[in-house]
Amino acid sequence: MLDPQLIRNSLDQIQLALTKRAYTLDVDSLQALDTRRKKIQVQTQALQSERNRRSKQIGKAKAAGEDIHALLDDVESLGDKLKACESELQTVQLELHDILSGIPNTPHETVPAGQTEDDNVEVRRWGEPVQFDFVPKDHVDLGEALGMLDFATATTIASSRFVVMQGAVARLHRALIQFMLDTHTQEHGYTEVNVPYLVNKDSLFGTGQLPKFAEEQFYIDKQALYLIPTAEVPVTNIARDKIIDANVMPLKFVCHTPCFRSEAGSYGKDTRGMIRQHQFEKVEMVQLVKPENSYQVLEQLTGHAEAILQKLNLPYRVVTLCGGDLGFSSAKTYDLEVWLPGQHKYREISSCSNFESFQARRLQARWRNPDTGKPELVHTLNGSGLAVGRTLIAVIENYQDKDGKIHIPAVLQRYMGGMDVIS
RNA sequence: GGAGAGGUGGCUGAGCGGUUGAAAGCACUGGUCUUGAAAACCAGCGUGCCUUUACGGGCACCGAGGGUUCGAAUCCCUCCCUCUCCGCCA
């Protein structure tokens with residue numbers, strides 16, 4: 001949610017910023033609604049004030065043993081008027097809140113203009129795609145040939161967009177998780193957390209998945225809980241309705257969870273293999289920081305995700321998302337794209353974002369600024385470090401040999417009981 | 001799932017229809033005292049919103065949402081959560 005203060009006072013500026021993400025803000029109706037809100041609020045509060053004043057008088061008169069009938073008659077006429085005003089105020093405030101909570105974050109000034117992912121700007125590349133002296137296979141062919149990836153069985157168990165992993169590939173998947181968690185906790189200073197995989201509405205609202213993206217979520221009607229689409233939701237919500245002590249900041253959490261996405265609206269997309277699944281695992285980094293640091297932290301956090309790819313020796317590039325490709329809550333996002341020989345393409349494997357105070361305002365996640373003594377909104381950031389399923393794909397495809405064996409990256413061998421090749 | 005108890009400010013905890021945004025204590029901040037510190041004493045100390053050039057004034061908030069009343073932290077209803085005991089269970 002954007003700062004209502006800014007919306008009132010600098011609406012044109014916000015509108016201009018939002019054009020970068022091709023979002024058109026209906027300035028006129030928003031302004032008209034807020035003017036109405038203001039008028040009704042002033043009126044309501046005046047009536048409430050009057051009622052309070054007279055009720056106090058009645059209290060005093062009664063205590064003094066005076067006759068209160070005249071006073072009661074006097075206050076009677078207030079009631080209906082006040083009720084009407086209060087309910088109208090509530091209606092208008094709800095309407096305003098609905099509109100406000102549907103407006104995306106304003107992009108940071110360094111975010112490039114553009115409509116689609118084709119307009120994203122490459123920042124840097126790391127590593128050289130391997131030149132194979134044979135035609136490289138994709139992870140589906142490799143995994144099925146090894147008997148360790150089984151999409152058909154998963155479909156009979158659940159539906160499409162699931163997978164069954166077996167043997168050394170299942171273990172490699174687990175090894176990746178361990179390796180990522182160890183790296184972030186031991187080398188990057190994150191605290192490991194374990195969180196609920198089911199969350200309530202308020203949590204999803206807080207991070208911005210609701211109300212706009214309800215279709216993307218798996219929902220359990222009976223208990224009114226949602227399966228998490230990313231650890232970002234439960235982990236960031238650790239700070240909901242809290243005032244964080246300045247001297248424990250920044251809060252840095254790393255968390256491994258499964259993620260569940262309905263993938264509504266992406267029917268034809270990435271139907272082959274493990275790229276786009278209803279269920280996948282991810283290691284997520286989340287930071288809650290002082291506002292003045294957040295862009296510096298975004299660079300660091302992106303570096304932490306890159307470190308995993310570098311240790312795995314997987315070639316990748318970093319792109320800055322353009323305004324049109326930016327997520328709803330994000331002010332600036334770097335995507336990390338790993339080289340997949342099977343697709344002969346760079347594909348997204350991590351997304352690192354600064355949400356500034358956008359999520360914090362929805363969450364009421366604050367810290368006490370020692371300079372002002374007042375609670376102020378924190379800035380929230382997160383980044384995948386990394387998407388485990390896609391990392392598994394990248395390892396399988398980049399480390400294949402002409403016999404269809406998968407060589408295990410050196411940093412993972414200790415998690416594989418010393419195994420160095422899967423065959 | 002059954003029975004009971006309870007949810008009040010950063011924390012502990014009083015209030016159970018009127019002048020209570022809320023006693024008291026702790027914590028915190030400023031001051032006095034002290035070479036310094038501690039102790040003691042004095043003062044201050046919730047959040048959001050509206051209004052005002054400013055000083056200030058006003059409204060709302062005692063788990064959430066409704067209701068009764070001139071007036072609700074206090075009474076009634078619904079829901080959520082926590083704790084204790086019993087049952088069931090990884």
Side-chain angles (χ1 to χ4, degrees), chain A residues 1-9 30-101 194-206 210 220-226 234 237-249 251 258 288 357-358 360-378:
Chain A
M1 200 130 68
L2 297 170
D3 184 355
Q5 225 50 269
L6 270 180
I7 292 199
R8 262 167 238 152
N9 303 328
L30 194 58
Q31 230 151 23
L33 193 61
D34 192 58
T35 306
R36 209 171 123 220
R37 186 223 91 229
K38 195 178 269 192
K39 194 178 140 229
I40 300 163
Q41 184 166 348
V42 170
Q43 198 181 347
T44 306
Q45 291 188 354
L47 285 168
Q48 286 171 327
S49 174
E50 184 65 14
R51 180 207 55 199
N52 291 347
R53 200 177 61 79
R54 295 196 191 186
S55 292
K56 262 180 197 174
Q57 264 178 13
I58 292 173
K60 276 183 193 166
K62 216 175 169 185
E66 292 166 21
D67 181 41
I68 57 168
H69 282 93
L71 289 167
L72 282 178
D73 290 345
D74 204 30
V75 82
E76 210 186 311
S77 58
L78 271 178
D80 291 345
K81 238 202 288 185
L82 180 58
K83 265 203 179 115
C85 275
E86 279 176 337
S87 91
E88 193 183 352
L89 179 62
Q90 196 184 11
T91 308
V92 172
Q93 277 177 331
L94 270 176
E95 203 179 324
L96 253 180
H97 183 262
D98 283 353
I99 294 173
L100 256 39
S101 53
N194 191 290
V195 294
Y197 302 157
L198 292 165
V199 296
N200 59 34
K201 235 187 184 68
D202 290 343
S203 292
L204 279 165
F205 178 84
L210 287 180
I220 296 168
D221 192 41
K222 199 173 172 218
Q223 283 84 4
L225 292 170
Y226 296 81
N237 270 276
I238 287 174
R240 170 143 58 93
D241 292 323
K242 291 215 174 102
I243 298 173
I244 301 162
D245 211 40
N247 56 39
V248 303
M249 292 177 79
L251 289 178
L288 302 153
S357 61
F358 188 88
R361 187 168 295 104
R362 292 170 162 248
L363 294 160
Q364 284 303 299
R366 297 177 293 176
W367 66 298
R368 198 171 291 277
N369 185 344
D371 295 337
T372 62
K374 294 281 175 198
E376 295 173 13
L377 296 168
V378 301

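Residue numbers start from 1 in every chain, and the chains themselves are labelled A, B, ... in the order their sequence lines are given, proteins ahead of strands. FYI, side chains are in, hydrogens and waters are out, and symmetry mates aren't considered; it's all heavy atoms of this structure.
- One can place NZ of A:K39 at 14 Å from P of B:U51, the figure rounded to the nearest angstrom.
- B:C28 atom C1' lies 13 Å from atom CG of A:N247, rounded to whole Å.
- Residue contacts shown for A:P375 are limited to sugar-phosphate atoms, with no base heavy atom under 4.0 Å away.
- Taking atom P in both B:U52 and B:G63, one finds a spacing of 34 Å when rounded to whole Å.
- Applying the salt bridge (charged side-chain N to carboxylate O under 4.0 Å, His left out) test to every pair with at least one member in residues 87-99 of chain A, sequence neighbours left out, gives these pairs: A:R36-A:E88.
- We find the OG-CZ distance between A:S101 and A:R362 to be 5.5 Å, quoted to the nearest 0.5 Å.
- Between the CG atom in A:L47 and the NZ atom in A:K83 there is a gap of 13.0 Å [rounded to 0.5 Å].
- Spacing between B:U29 and B:G67 at atom P, rounded to whole Å, works out to 44 Å.
- Spacing between atom CG of A:D241 and atom P of B:G46 amounts to 20 Å, rounded to whole angstrom units.
- At a cut-off of 3.5 Å, with distance as the only test, no side-chain donor of A:N52 or A:S49 sits close to an acceptor on the other residue.
- For A:Q90, the side-chain contact (heavy atoms from CB on, under 4.5 Å) test picks out no residue, with sequence neighbours left out.
- Here B:G48 presents its P atom at 16 Å from CD of A:Q93, a figure rounded to the nearest Å.
- B:A22 and B:G17: their C1' atoms are spaced 15 Å apart (whole Å).
- Side-chain N/O atoms of A:R366 include one lying less than 4.0 angstrom from OP1 or OP2 on B:G48.
- Straight-line distance between the C1' atoms of B:U8 and B:G46: roughly 12 Å, to the nearest whole Å.
- In this structure, the separation between CG on A:L33 and CZ on A:R37 is 9.0 Å, given to the nearest 0.5 Å.
- Contact annotation: A:K242 side-chain N/O to B:G10 OP1/OP2 distance is not under 4.0 Å.
- Comparing the P positions of B:U12 and B:C88 gives a spacing of 35 Å, expressed to the nearest Å.
- B:G7 and B:U74 have their C1' atoms separated by 15 Å, with the value rounded to a whole Å.
- In this structure, A:P4 and A:R361 have side chains that are in contact, with non-hydrogen atoms separated by less than 4.5 Å.
- The interatomic distance linking A:D3 (CG) with B:C49 (C1') rounds to 13 Å, in whole Å.
- Atom CG of A:N369 is separated from atom C1' of B:U29 by 15 Å (rounded to the nearest Å).
- Among residues at least two apart or in separate chains, salt bridge (charged side-chain N to carboxylate O under 4.0 Å, His left out) pairs with a member in residues 44-54 of chain A are A:E50-A:R53, A:E50-A:R54, A:R54-A:D74.
- Here CD1 of A:I243 is found 12.5 Å from CH2 of A:W367. Values are rounded to the nearest 0.5 Å.
- Here B:U51 presents its P atom at 14 Å from CD of A:Q43, a figure rounded to the nearest Å.
- Atom NE2 of A:H97 and atom C1' of B:C49 are 14 Å apart (whole Å).
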The dot-bracket string of RNA chain B, counting Watson-Crick and G-U wobble pairs with both distances under 3.5 Å, using [ ] for crossing pairs and | for pairs to another strand, is ((((((((.[[[..)..(.....]]].(((((.......))))).((((((....)))))).[[[[[..)....]]]]])))))))....

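- Distance check on atom C1': B:G48 versus B:A54 gives 22 Å, rounded to whole Å.
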Nucleotide by nucleotide, nucleotides 56-71 of chain B touches protein heavy atoms under 4.0 Å in the pattern (B base, S sugar-phosphate only, - none) --BBS-----S---BS

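- Between B:A72 and B:A60, the distance separating the two C1' atoms is 14 Å to the nearest Å.
- A search for side-chain contact (heavy atoms from CB on, under 4.5 Å) contacts involving A:K201 returns A:L210, A:Y226, not counting sequence neighbours.
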